[in-house]
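Just follow the structure's listing: the first ligand is 1, and inside any ligand the first atom is 1. A quick note: this is a predicted structure, and the numbers were derived from the prediction, not measured. Computed over heavy atoms, backbone and side chain alike; hydrogens, waters and symmetry mates excluded.
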Amino acid sequence: MKSAFEAAQFYFEEAASVIGLSDSLRDLLVTPEREIKVQVPIKRDNGQIATFIGYRMQHNSARGPMKGGLRYHHEVNADEVLALASLMTWKTAVVDIPYGGAKGGISVNTKDLSTDELERLTRRFVDEIHDLFGPDKDIPAPDMGTNAQTMAWIMNQYEKFHGFAPACVTGKPVELYGAEGREEATGRGVGTLTLAFLRKFGRSIENSTVAIQGFGNVGSFTASYLHQAGGKVIAISDVSGGILNRDGIDIPAALEYVAVNKSLAGFPGGQPVSNETVLSIDVDVLIPAALGNVLTEQNAGDVRARYIIEAANGPTTPEADAIFRQREIPVLPDILANAGGVTVSYFEWVQNQQYFRWDISRVREELEKYMTRAFHRVWTIAAERHVSLRTAAYILAIGRVSRATELGGI
Ligand code: NAD
């Protein structure tokens, strides 16, 4: 199996070949601008010192300050963070917001740390990298294992060095310069494009079944959106395993259950199944919304979904992607499908720069506009060039980034 960065590069190269991108621009666009790796030591609650490794990979800034999430997960490593940083360059270009791409992470199992320890870890990481990010350089946001509270700590620590600067990070709590609608944004964007995607195939959500892997920020808001839109969500899962109910899962009840129990384990609204089963059940729409590399050469042949929507980043390996193309299972790619989060992060940053607050209806309206515009553009490119939606999304993104690079010069 290709490494995460090799996989990201594979998709880039495929699209670069279709548009005949020059070798010199290819070299420039695959080479990250800066790779940061720092030691992040903290004092544990028991007085002992624990040492972690933190990363911030800054891939490309041709179209603006770099933008990307911060992930706390025990599998975080340099290769994966770099792959995710490059995806951000293409994602911000696909939805046409004025940013480049970056990503960060700390290799840590958050369940092993107390809230106080997580706060010390976050502040120490900011101490190490505060000169290298900021409102006009690189703006972090939440990703797996981080949330609005983490962003509040980042802002507070950054401001100790640089003064008032709420635009240094997005995904903040609404009470602390965050944007209404940011928390739901990625799931809402996934939901919006799922409906648009189904319509292209002459189908509606009311007559479709859905399976979602991952019930965190993205998975749960996607489930709510599709449930409210009339879809039948028949399977959901989290790290503890999956739940299947062919009559449709009561999503509000599942959300309440997780709010209390912190996981889906024991949720009574369906039968327990494995995470692998969730990926292979007979369903109309499969939405991986957890980790990367879950759809592989080994299980792609077992997938019985008619459509795949990539809510997670990098859930499909290139080998699996080839199998889906051959099996004619359309895939809505991550750099388009889950771009709602970074789009509303952009709205938050704009509001912070202007000291102005939009109401939720304006956020939702603008989000829908950005997402559907990008979707129709990608759809048209795919139809015109007879390529997959993934290749079309990369073509759109690479075109925008390479034009900015040529116009700006080096
Ligand atoms: P999260 O931490 O809120 O939730 C992750 C979910 O995945 C949890 O339900 C967790 O239990 C589950 N999970 C973890 N390991 C699993 C496993 N081995 N099998 C099945 N489920 C597992 O994270 P999130 O913010 O929802 O991010 C999910 C994905 O979406 C990631 O790939 C992330 O990069 C991507 N993404 C997130 C955003 C955002 O705004 N949060 C934006 C774009 C893309």
Check residues 283-291 and write down every donor-acceptor pair under 3.5 Å in which the side-chain atom is one partner and the other belongs to a residue at least two apart or another chain.
residue : atom : partner : partner atom : Å
Asp284  : OD1  : Arg203  : NH2          : 3.2
Asp284  : OD2  : Arg203  : NH2          : 3.4
Asp284  : OD2  : Thr209  : N            : 2.8
Asp284  : OD2  : Thr209  : OG1          : 3.2

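Closer than 4.0 angstrom to ligand 1 by heavy atom are Arg71, Asp143, Met144, Gly145, Arg182, Thr186, Gln213, Gly214, Phe215, Gly216, Asn217, Val218, Asp238, Val239, Asn275, Ala289, Ala290, Leu291, Ala311, Ala312, Asn313, Asn338, sorted by chain and number.
Aromatic ring centroids of Tyr394 and Phe12 lie 6.0 Å or more apart. For Phe375 and Tyr370, the ring centers sit 6.0 Å or farther from each other.
Not counting sequence neighbours, the partners of Glu128 by the salt bridge (charged side-chain N to carboxylate O under 4.0 Å, His left out) test are Arg124. With sequence neighbours excluded, the residues forming a side-chain contact (heavy atoms from CB on, under 4.5 Å) with Lys37 are Ile53, Tyr55, listed by chain and number.
A salt bridge (Lys or Arg N to Asp or Glu O under 4.0 Å) with Glu117 is found for exactly one of Lys43, Lys111, Arg44, Arg123, namely Arg44.
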